[in-house]
Amino acid sequence: MSNDLLLEVRDLQTYFYLDEGIVKAVDGATLQVRRGKTLAVVGESGCGKSIMARSILQIVAKPGKIVGGEISFYRHSMADNGLETRSEQVKLTDYKPNSPEMRAFRGKEVAMIFQEPMASLSPVHTIGNQVMENFRQHFQVSKKEARNVTIEMLGKVGIPRPDQRFDAYPHQLSGGMRQRAMIAMALICQPCLLIADEPTTALDVTTQAQILELMQQLQVELGMAIIIITHDLGVVAEIADDVAVMYLGQVVEQAPVDELFHDPQHPYTRGLLRSIPRLESQTRERLDAIPGSVPHPYNRPTGCRFHPRCRERLANKLDICKTDEPELLPLNNIQNVRCWLYHKPGSTSSAPETGDRRQETISIS
Ligand SMILES: Nc1ncnc2c1ncn2[C@@H]1O[C@H](COP(=O)(O)OP(=O)(O)OP(=O)(O)O)[C@@H](O)[C@H]1O
Ligand SMILES: [Mg+2]
């Protein structure tokens, strides 16, 4: 295991058991987060990004449940000689959502911020008390000491006059300031991983830029990793080190950000990138959107889940896509892809079959 691995989600399945049927919100998702790095998770609405993130902290609302797969967190500690670091694997999926282990872990080692701060801040408590309570839940300190740490944190996230704002209620703050208070609440325990689920979608572009810059600055200062869920590929290009692309509950490609933008492999990733409007286009051309729409969760395609919308399957006359599901396999040392264009049935790596086929598929897009 590489020493810079912080979190690994393997074959995760999180299902909702409804009267009408089972919604397989996350169904076979695999991804890795590197220590101190930013992983962006992208994909069309409903593909399971938020439920995957909530599964890591085991805060999936009922009737949702993790029914399969593994989530491992690699905790670093200093060896007895004080020189080397040791990595201990903690299997989060072995813990029950309300277990003392999970409660000690949640908010301390991994914290989460949400798109809408009002949904997670209590309207009847001051922001100072809410941030402070999170700290006191995990650290045995006096109230005075906790208050000082809170004021320092509120200042760090750019809230002006933090000693006075400590006593403000959420409704007395602007949207941007509330999002800063949420970040303070998430970061007060100095987590190793921050999960940010569309943290800037509800903000204007200037405030969005400030919040992203703040997250990056605190990331360097605290040495934490970030999982950012976003629809905005501009944000991905700006802040991500790695990108995981999700489709219908699975990760179909994970790659470093440069490779993903310059040499995308999965037809779905190529489709997402083609559908971004470009400033340099001369005429008012139509956007090249991915054909069709995300299938209904009760009506999932057989074989590769993307095959009904995949242009490259038709161009390459791949019948296997309709019948057999490909696995997520390494294509080279750094890119993982789940697609029959790159591997034969039964193989354990997705090396391109021939140079020609890769050329052919790229020229189609
Ligand atoms: N409480 C719930 N009960 C039933 N189904 C749910 C529930 N929450 C989510 N789902 C379903 O799980 C699937 C994944 O939802 P999720 O919220 O993770 O999508 P997402 O990728 O975050 O989408 P968005 O980009 O719109 O936020 C969707 O089909 C959704 O309808
Ligand atoms: Mg979501």
Side-chain angles (χ1 to χ4, degrees), residues 9-31 41-52 55 60 63-70 244-255 264-275 288-331 335-354 357-358 360-362 364-365:
V9 175
R10 192 189 285 255
D11 251 330
L12 180 71
Q13 294 172 303
T14 307
Y15 294 177
F16 287 88
Y17 293 87
L18 309 178
D19 292 341
E20 308 84 68
I22 302 173
V23 177
K24 298 181 177 176
V26 178
D27 195 20
T30 295
L31 56 81
V41 180
V42 301
E44 282 161 297
S45 189
C47 67
K49 304 180 294 293
S50 298
I51 300 300
M52 188 276 299
S55 301
V60 180
K65 216 169 128 180
I66 297 179
V67 294
E70 247 177 46
V245 181
M246 285 188 75
Y247 188 74
L248 279 184
Q250 287 178 329
V251 172
V252 294
E253 179 164 1
Q254 177 165 1
Q265 299 298 327
H266 198 284
Y268 179 61
T269 315
R270 294 205 248 259
L272 280 183
L273 293 173
R274 268 198 306 264
S275 52
D288 190 3
I290 300 172
S293 53
V294 179
H296 190 274
Y298 296 139
N299 193 13
R300 182 168 286 168
T302 53
C304 167
R305 291 176 198 174
F306 186 59
H307 88 258
R309 303 174 72 192
C310 183
R311 291 181 192 178
E312 299 187 31
R313 171 183 69 86
L314 294 174
N316 288 280
K317 300 191 176 64
L318 283 174
D319 288 333
I320 192 169
C321 308
K322 287 199 231 169
T323 51
D324 294 39
E325 189 162 39
E327 284 179 57
L328 183 73
L329 292 173
L331 179 67
Q335 279 168 288
N336 290 331
V337 64
R338 188 187 271 278
C339 179
W340 285 122
L341 286 170
Y342 305 103
H343 60 273
K344 292 196 183 108
S347 65
T348 51
S349 78
S350 31
E353 278 184 14
T354 63
R357 168 158 283 175
R358 258 187 97 188
E360 196 187 346
T361 58
I362 288 165
I364 300 160
S365 56

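Owing to the predicted nature of the structure, the values given are computational and were not obtained by experimental measurement.
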Would you indicate whether the side-chain heavy atoms of V251 and M52 approach each other to under 4.5 Å?
-> no
Rounded to the nearest 0.5 Å, how far does CH2 of W340 lie from NZ of K322?
-> 15.5 Å
Spatial distance of atom NE2 (H266) from atom CG (L273) [nearest 0.5 Å] = 13.0 Å
Between the side chain of R338 and the main-chain N/O of Q250, is any donor-acceptor distance below 3.5 Å?
-> no
Under a 4.5 Å cut-off applied to non-hydrogen side-chain atoms, are C339 and V252 in contact?
-> no
Where do L31 and A244 come nearest, in terms of heavy atoms and distance?
-> CD2-CB, 4.2 Å
Could you grab the distance from atom CD1 of I320 to atom SG of C304, nearest 0.5 Å is fine?
-> 10.5 Å
Rounded to the nearest 0.5 Å, how far apart are CZ of R270 and CD of E312?
-> 4.0 Å
Please lay out, stage by stage, how R305 and R300 fare under the test side-chain contact (heavy atoms from CB on, under 4.5 Å).
-> CA-CA 7 Å; R305 291 176 198 174; R300 182 168 286 168; 3.7 Å; yes
Can you label the angle between the Y247 ring and the Y268 ring as parallel, tilted or perpendicular, going by 30° and 60°?
-> tilted
Nearest 0.5 Å, what's the CD-OG1 distance between Q254 and T30?
-> 9.5 Å
Closest non-hydrogen atom pair, G28 against D11 | CA-OD1, 3.6 Å
Please report the shortest heavy-atom distance between S55 and T14, naming the atom on each side.
-> OG-OG1, 2.9 Å
Grab the two heavy atoms, one from Q335 and one from A255, that are nearest each other, plus how far apart they are.
-> CG-CB, 3.4 Å
Would you name the heavy atoms of P330 and N336 that are closest together and state the gap between them?
-> CA-OD1, 3.1 Å
Would you please name every residue forming a salt bridge (charged side-chain N to carboxylate O under 4.0 Å, His left out) with R309, sequence neighbours left out?
-> E44
Between CG on residue L12 and CD on residue E70, distance to nearest 0.5 Å | 10.5 Å
Can you name the side-chain contact (heavy atoms from CB on, under 4.5 Å) partners of P301, sequence neighbours left out?
-> L248, P295, H307, P308
Looking only at heavy atoms, which two atoms of A29 and V9 are closest? And how far apart?
-> O-CG1, 3.5 Å
Without swapping roles, check the side chain of K49 against the backbone of G43 for a donor-acceptor pair under 3.5 Å.
-> yes
Check: E253 side chain, Q265 main-chain N or O, donor-acceptor pair, under 3.5 Å = yes
